[in-house]
Amino acid sequence: VQLQAFGGGLVQARGSLRLSCAASGRTLSSYKMGWFRQVPGKEREFVAAIRWSGSNTWYAASVKGRFTISRDNAKNTVYLQMDSLQPEDTAVYYCALTSRAIVTSSITYEYWGQGTQVTVSS
């Protein structure tokens, strides 16, 4: 499985960005796609996740109401729409796939994409 994340950049506080993660290499119907973020010196933090088939989504409390995860099955792509961005959202964002039940822990994820930097200026 290959995951390709893109869409990061520099944005001012209260602005928006949309991240994309394109997946290839196998059937994804039994997987969930998650987004994590990491800043230097800290552990990778769960942001959001979505079931590849079905409607289940999960969000970290810190982003709920500001971020929206969605998918396009035809394009094998998951999106993370990030609105009302704050400087504390600055991090490298990673997408990942898991076939396991727990979606909020990075250790359950089997495949990872490269990170994309998101920087929010105040």
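In what follows, residues are counted from 1 in the order of the sequence shown.
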Can you tell me how far apart CH2 (Trp58) and CZ (Arg51) are? Round to the nearest 0.5 Å. 4.5 Å

For the residue pair Ser16 and Asp83, what are the closest heavy atoms and their distance? OG-OD1, 2.7 Å

About how many Å separate CG of Leu3 and OG of Ser24, when rounded to the nearest 0.5 Å? 7.5 Å

What are the two closest heavy atoms between Cys95 and Met33, and how far apart are they? CB-SD, 4.1 Å

With sequence neighbours excluded, what pairs up with Ala91 under the side chain to side chain contact (heavy atoms under 4.5 Å, CB included) test? Arg37, Val39, Tyr93

Would you say CD1 of Ile102 has more than 12 non-hydrogen atoms from neighbouring residues, nucleotides or ligands within 6.0 angstrom? no

Please tell me whether Trp35 and Tyr59 are part of a single hydrophobic cluster in this structure, the criterion being side-chain heavy atoms less than 4.5 Å apart. yes

Show your working on side chain to side chain contact (heavy atoms under 4.5 Å, CB included) between Arg66 and Asp89 and close with a plain yes or no. CA-CA 11 Å; Arg66 300 189 298 123; Asp89 295 317; 2.7 Å; yes

same_hphob_cluster(Val47, Val92) at 4.5 Å side-chain heavy-atom cutoff: no

Quick check for you: to the nearest 0.5 Å, what is the distance between Leu97 atom CG and Tyr109 atom OH? 8.5 Å

Closest heavy-atom pair, Leu80 versus Ala48, reported as atoms and distance to 0.1 Å, is CD1-CB, 4.1 Å

Closer than 3.5 angstrom, by distance alone: can the side chain of Thr104 be matched with the main-chain N or O of Phe46 as a donor-acceptor pair? no

Using the side chain to side chain contact (heavy atoms under 4.5 Å, CB included) rule, take Ser106 and Gln38 through it: C-alpha gap first, then chi angles, then the decisive distance, then the call. CA-CA 11 Å; Ser106 62; Gln38 190 170 26; over 6 Å; no

Nearest 0.5 Å, what's the CD-CG distance between Gln81 and Leu19? 9.0 Å

Separation of Ser122 OG from Glu88 CD (nearest 0.5 Å): 10.0 Å

Do Glu45 and Ser62 come close enough that some side-chain heavy atom pair is under 4.5 Å? yes

State yes or no: do Leu28 and Phe36 share one hydrophobic cluster built from I, L, V, M, F, W and Y residues joined by side-chain heavy-atom distances below 4.5 Å, directly or via other members? no

Tell me, do Trp52 and Val78 make a side-chain contact under 4.5 Å, heavy atoms counted? yes

Checking Thr90 side chain against Val120 main chain: does a donor-acceptor pair fall under 3.5 Å? yes

Find the distance between OH (Tyr94) and CD (Gln114) and round it off to the nearest 0.5 Å. 9.5 Å

Using side chain to side chain contact (heavy atoms under 4.5 Å, CB included), reason through Leu85 and Phe67 one step at a time and then give a plain yes or no. CA-CA 9 Å; Leu85 283 161; Phe67 291 11; 3.8 Å; yes

